[in-house]
Amino acid sequence: VIPNMSATWRDCFSDLRRKFQPLLWSELHPILEALIRASTDVSNRESSNFDDVSLLSELLSNTDIADANAADARLCAIKLMRNLCAGVPRNQRHFLQIGAPDKIVSLMRSLLNDHSLGWNRNQLLTAALQFLGNLCTSFPEGQVAVWELCYPRLFGSVMECGVCEAADVCCMVIHVCTLNNMERRMQLCSLTMDSSDIMATPTGNHVIAAILHSMASTTHSEWIIILLEALVQAVPLSHLYSCLEPHPQALVTLITFICTRLTSGVCGVLTRENTLFIAHHYNHVSSVMLDAGGEKLNPLHSGGEQDFSRCQESRVRRRGCHKCPLFTCYQFSSLASDYFAISLHLKNVLCIFNVTSPLQRLH
């Protein structure tokens, strides 16, 4: 219901179209809010047509992000677009045909580079990602378009932007795009370099590391957890470990996550391949943690941290463990405690599966 008058779904869109021509932002806002409320009814969403979708997309192109009224209207337009995509394949196809994902991604890039909008920026980012998620759901063509537009740089930028809600919804988009698509899952956990980047910056591993860092620092992690559970159950852990080799702190978070989810009984059972990998890896970790005389390495010995780090590196190489992904931890003495934490968590996982002893048989 629009203030001071009763209106049907079609009347609202007609009124929106009339007010849009002179760009009366203050009058567009209540109409859009009324449409958002009405769009919770699937019959209204299904009655939308190509012209309705085109009008909303055009509104995105004509709003000044620095204008408060225009920004509010843009936010409402994105929320309405998000709702129209939910469970209506025809609307999903229409939005894709008019290039709405490109406009949304362009807006997101601007938002990620402009921190002056405050709460409105955060809400716009979250709503834009929700639109992309709804566009992708049960719509393979939408998944292809969104993946090509967002992977890897935009996904990585969102995960690192500091907006917790947006980061969580971003994981929803990634999960929808990678669900039942092993190629994209492996891409997400890839060390492949971006050939277009003159600095040859890693791509996939940067995104998965950002996801793990975000999970360790936020309480808004519903979709982060869903995504990680799916990855841990589908992707070989050997691949994930290799992917996270340049990010030892993220690897700590991953192992902690595996242990926590398994012990709480809310995560699916690891595959035999992943279970054996953990057991085999723990055998390497155990050998690294013992010196030639069988004594545990002690970072507090009189030689100091730098000597300790060099001593660790020498022992690791001497034992032939330098090919292990965790070897990178030894390059930074400040991560030594994290390395030991990883070993402890690995041991806990092995206990869950009743895997004991030095596991020589797994060599």
Side-chain angles (χ1 to χ4, degrees), residues 25-26 28-37 39-40 56-57 59-86 95 100-137 142 146-147 149-177 206-228 250 253:
W25 300 123
S26 59
L28 286 178
H29 188 265
I31 301 173
L32 288 166
E33 287 192 324
L35 285 167
I36 290 171
R37 291 192 295 270
S39 66
T40 57
L56 293 173
S57 180
L59 193 152
L60 287 183
S61 304
N62 286 276
T63 51
D64 179 4
I65 198 170
D67 184 304
N69 287 328
D72 286 341
R74 187 195 295 248
L75 176 59
C76 286
I78 295 173
K79 288 181 176 180
L80 181 55
M81 291 167 63
R82 171 201 65 194
N83 290 3
L84 291 179
C85 277
F95 277 120
D102 299 81
K103 293 181 180 180
I104 287 290
V105 167
S106 178
L107 169 65
M108 290 175 62
R109 291 194 180 108
S110 298
L111 292 169
L112 289 166
N113 292 324
D114 186 351
H115 297 265
S116 64
L117 297 175
W119 68 269
N120 198 284
R121 167 182 177 266
N122 299 352
Q123 286 200 338
L124 281 166
L125 270 176
T126 302
L129 286 160
Q130 289 170 338
F131 164 76
L132 294 178
N134 283 358
L135 179 71
C136 291
T137 302
V146 169
W147 190 258
L149 285 168
C150 299
Y151 175 84
R153 301 221 175 266
L154 189 66
F155 285 149
S157 297
V158 171
M159 295 308 303
E160 295 177 335
C161 73
V163 182
C164 298
E165 296 88 346
D168 196 47
V169 178
C170 183
C171 286
M172 181 266 285
V173 178
I174 295 173
H175 178 66
V176 172
C177 287
H206 173 75
V207 177
I208 193 67
I211 290 170
L212 286 161
H213 290 317
S214 180
M215 187 187 72
S217 60
T218 181
T219 56
H220 296 82
S221 58
E222 177 185 0
W223 280 104
I224 297 177
I225 290 173
I226 291 172
L227 173 61
L228 288 176
T253 303

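These values consider heavy atoms only, across backbone and side chains, with no hydrogens, waters or symmetry-generated copies. Nothing here was measured: the structure is a model prediction, and the numbers come from that model.
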So, the side chain of [X] versus the backbone of [Y]: is there a donor-acceptor pair under 3.5 Å, distance only?
X: D168; Y: C164; result: no
X: T40; Y: R37; result: yes
X: T126; Y: N122; result: yes

Do you know which two heavy atoms are closest between [X] and [Y], and how far apart they sit?
X: G156; Y: V207; result: N-CG2, 4.2 Å
X: L228; Y: I208; result: CD2-CD1, 4.3 Å
X: A167; Y: M159; result: O-SD, 3.4 Å
X: E160; Y: A210; result: CG-CB, 4.0 Å
X: M172; Y: G133; result: SD-CA, 3.8 Å
X: A73; Y: L32; result: O-CD1, 3.4 Å

- Task: Going by the side-chain contact (heavy atoms from CB on, under 4.5 Å) test, name the single residue among V158, L129, I211 that passes it with C171.
- Result: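 When side-chain contact (heavy atoms from CB on, under 4.5 Å) is applied between C171 and each of V158, L129, I211, only I211 qualifies.
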
Atom pair [atom1]/[atom2] of [X] and [Y] - distance to nearest 0.5 Å:
X: L75; Y: K79; atom1: CG; atom2: NZ; result: 4.5 Å
X: C177; Y: I174; atom1: SG; atom2: CD1; result: 8.0 Å
X: C76; Y: H29; atom1: SG; atom2: NE2; result: 3.5 Å
X: L227; Y: S221; atom1: CG; atom2: OG; result: 12.0 Å
X: Q123; Y: R74; atom1: CD; atom2: CZ; result: 14.5 Å

Within the 4.5 Å heavy-atom criterion, are [X] and [Y] side-chain neighbours or not?
X: C150; Y: V173; result: no
X: L125; Y: L112; result: yes
X: L124; Y: I78; result: yes
X: L56; Y: L60; result: no
X: Q130; Y: E165; result: no

- Task: Go through the side-chain N and O atoms of N83 and N134 and say whether any donor and acceptor fall under 3.5 Å apart.
- Result: no

- Task: I would like to know whether R109 and R153 meet side-chain contact (heavy atoms from CB on, under 4.5 Å); could you show each step before the answer?
- Result: CA-CA 10 Å; R109 291 194 180 108; R153 301 221 175 266; over 6 Å; no

- Task: Begin with the C-alpha distance, continue with both residues' side-chain angles, and end with the deciding distance and a verdict on side-chain contact (heavy atoms from CB on, under 4.5 Å) for V176 and L132.
- Result: CA-CA 10 Å; V176 172; L132 294 178; over 6 Å; no

- Could you please spell out the steps behind the side-chain contact (heavy atoms from CB on, under 4.5 Å) verdict for L80 and L84? CA-CA 6 Å; L80 181 55; L84 291 179; 4.2 Å; yes

- Query: According to the interplanar angle, ranging from 0 to 90°, do the rings of F95 and F131 count as parallel (below 30°), tilted (30 to 60°) or perpendicular (above 60°)?
  - Reply: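 Rings of F95 and F131: perpendicular, over 60°.
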
- Determine, stepwise, if the pair C161 / R121 fulfils side-chain contact (heavy atoms from CB on, under 4.5 Å). CA-CA 11 Å; C161 73; R121 167 182 177 266; 4.2 Å; yes

